[in-house]
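Comments concern the structure below.
Throughout, residue positions are numbered sequentially from 1 according to the sequence presented. One-based numbering, in listed order, for ligands and for the atoms of each.
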Amino acid sequence: MTATYITTTIPYVNARPHIGHALELVQADVLARYRRGRGEAVRFQSGTDDNSLKNVLAAQAAGTGVRAFVDRNADAFAALGGALSLSFDDFIRTSRDPRHRPGVERFWRACSADLYRRRYEGLYCTGCEQFYRPAELLHGRCPEHETVPQQVSEENWFFRLSRYAAPLRAAITSGRLRIEPAGRRNEVLAFIEAGLEDFSVSRPAGRSGGWGIPVPGDPGQVIYVWFDALCNYVTALGPGEESYRRWWAGPGERIHVLGKGVLRFHAVYWPAMLLSSGQPLPTALFVHDYLTAGGRKISKSGTPGTVPGPADLAAAYGADAVRWWLLREVPRVGDADFTTGRLAARADDELANGLGNLVNRVVTMIHRYRGGRVPAARQSAAPAAVAGSERLATACREAQAAAGAALEDFDFRRATAAVWRIVDEANAFVNQARPWDLARAEDGRNQDERGRRDAPAQLDAILGQLLGACSALGGELEPFLPDLAARVRAQCTPAGDGRLPLPRPVFRRLSGPARSGPARSGPARSAPPAGLGVEEPEQDQHDDGADDRPDDPDRVEAVDVQVVVLDQVLQEAADE
Ligand SMILES: [Zn+2]
């Protein structure tokens with residue numbers, strides 16, 4: 001069985017998580033869930049970088065002990081697993097995990113041929129935890145933090161990166177180490193072409209406040225936090241050999257998901273460390289761009305009070321809505337701007353109006369016209385003659401392969417679009433096939449349709465195909481929206497009595513027109529906390545869908561039917 005190891009980076013815990021962290025976690029989760037669904041053995045790992053000097057400085061600024069400060073923020077990152085329905089198999093905390101420190105020490109010793117001590121003077125950005133060459137600064141400031149770096153002079157351990165230009169270039173150009181998107185790959189190759197300098201891999205222990213892992217055999221120095229942090233990808237596989245052999249040294253894939261700001265560490269330093277210590281390279285790096293929030297850059301220390309954190313967003317809007325915005329709106333290349341208004345508009349337009357209504361209409365019609373029993377297909381009744389049937393069948397048939405190909409390219413928007421084609425085609429099919437007309441012909445209510453003897457078979461076939469499309473959505477959406485997909489599957493699965501469950505909203509609107517009454521079921525969701533009120537959407541304006549097809553007596557095709565139809569069906573069930 002193919003073994004695939006998927007990781008996120010491990011963020012600093014100098015602040016609580018922001019929406020940008022959620023992007024990377026959700027992207028990696030989709031890859032992990034998709035590959036598990038395809039039958040691969042998957043190990044999905046996340047974690048936190050506890051040993052950063054930034055954490056020490058942030059704790060001092062907050063007037064808190066470093067341990068308590070780090071623990072509190074690390075807990076907030078770990079809690080995103082539940083809040084965002086992430087499926088990670090392992091979560092490593094570099095300061096607490098008993099596997100990490102001995103693993104880093106082993107890694108260090110394995111690189112010893114490339115490690116040496118020397119005095120160094122340079123410009124150091126504490127925010128990045130890295131030295132910059134003067135030419136790399138923008139107007140004398142760190143390009144990432146826009147702060148003036150410190151002039152630092154100290155004796156450190158260095159890693160002989162300069163030896164690895166040729167093997168790194170070969171690994172990248174051959175595709176053995178794949179870097180996506182291509183622009184990032186070219187950026188790395190250009191950096192290598194410009195010449196690789198040896199880099200500092202330790203700090204004087206005094207400057208780190210005693211926080212971090214001491215250099216083996218040289219306790220006056222601690223291991224540079226980047227060296228320490230990058231090792232997490234293999235230290236979590238220890239200390240035994242079995243897990244390491246399976247996930248890192250075997251024939252499978254090793255995929256790192258990371259942000260553009262840490263590209264150099266993952267595409268140059270980390271592979272060089274692996275080559276030096278005689279270990280295999282990752283097989284692929286996927287590099288995402290950044291989010292802004294309300295048009296503003298999200299600072300590394302977060303923007304408390306202005307941008308809700310991902311756990312608060314998930315509590316207010318549900319994990320599905322947060323995941324959907326990140327997957328549907330964030331492009332593969334280029335930054336994206338987050339607002340809660342856009343999140344709610346996207347969820348209402350697609351998850352409530354598009355998918356929610358489709359499932360509700362289909363299940364409602366099967367209850368109304370067939371007593372809740374899934375119609376058996378009849379040979380003579382293939383609905384091919386009905387406009388849209390073939391297009392819907394094609395969308396269902398092609399979704400899996402198209403989504404899979406898009407995910408091979410790490411293109412989450414294209415992947416979700418492939419699945420969403422089923423929703424669009426199914427809704428179009430309902431409107432073209434007009435099953436309610438067939439139902440009236442079937443029971444003689446509709447004079448025009450009287451005499452259509454094939455109406456029952458046609459209706460069976462149409463309802464069967466629509467339910468099949470909803471079931472397909474319940475499967476294909478699992479990697480992207482695991483919670484909503486499970487509710488769709490439950491709605492499409494007959495109970496022990498052979499009948500579908502009564503229709504319940506699989507996704508309720510987050511904003512827009514007031515509902516006609518309180519919904520009686522569906523996912524529990526608390527009211528948005530202060531500051532999380534839904535803004536008017538600034539884009540993606542959509543028609544909230546007054547019913548413009550008044551000729552349907554059963555009102556099953558109305559856009560905002562979820563509560564109305566639910567009440568009707570519940571009433572009928574009560575009357576029986
Ligand atoms: Zn910086």
For residues 236-248, tabulate all N or O donor-acceptor pairs below 3.5 Å that involve a side-chain atom, not counting sequence neighbours.
| from | atom 1 | to | atom 2 | distance (Å) |
| --- | --- | --- | --- | --- |
| Tyr244 | OH | Gln279 | OE1 | 2.6 |
| Trp248 | NE1 | Pro280 | O | 2.9 |

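Here Phe227 contributes atom CZ and Ile213 contributes atom CD1; the two are 10.0 Å apart, rounded to the nearest 0.5 Å.
Listed by chain and residue number, nothing satisfies the ring-ring contact (aromatic ring centres under 6.0 Å, His included) test with Phe69 (two or more places apart in sequence, or in another chain).
Defined by atom type and a distance below 3.5 Å, a donor-acceptor pair is missing between the side-chain atoms of Glu253 and Thr2. Looking only at atom types and distance, the side chain of Thr4 has no donor-acceptor partner in the side chain of Arg36 under 3.5 Å away.
Residue pairs satisfying the salt bridge (Lys or Arg N to Asp or Glu O under 4.0 Å) criterion with at least one member in residues 186-199, sequence neighbours excluded, are listed as follows: Arg133-Glu197, Arg169-Glu193, Arg184-Glu187.
Around the Zn ion (ligand 1), protein atoms of type N, O or S found under 2.8 Å number 4.
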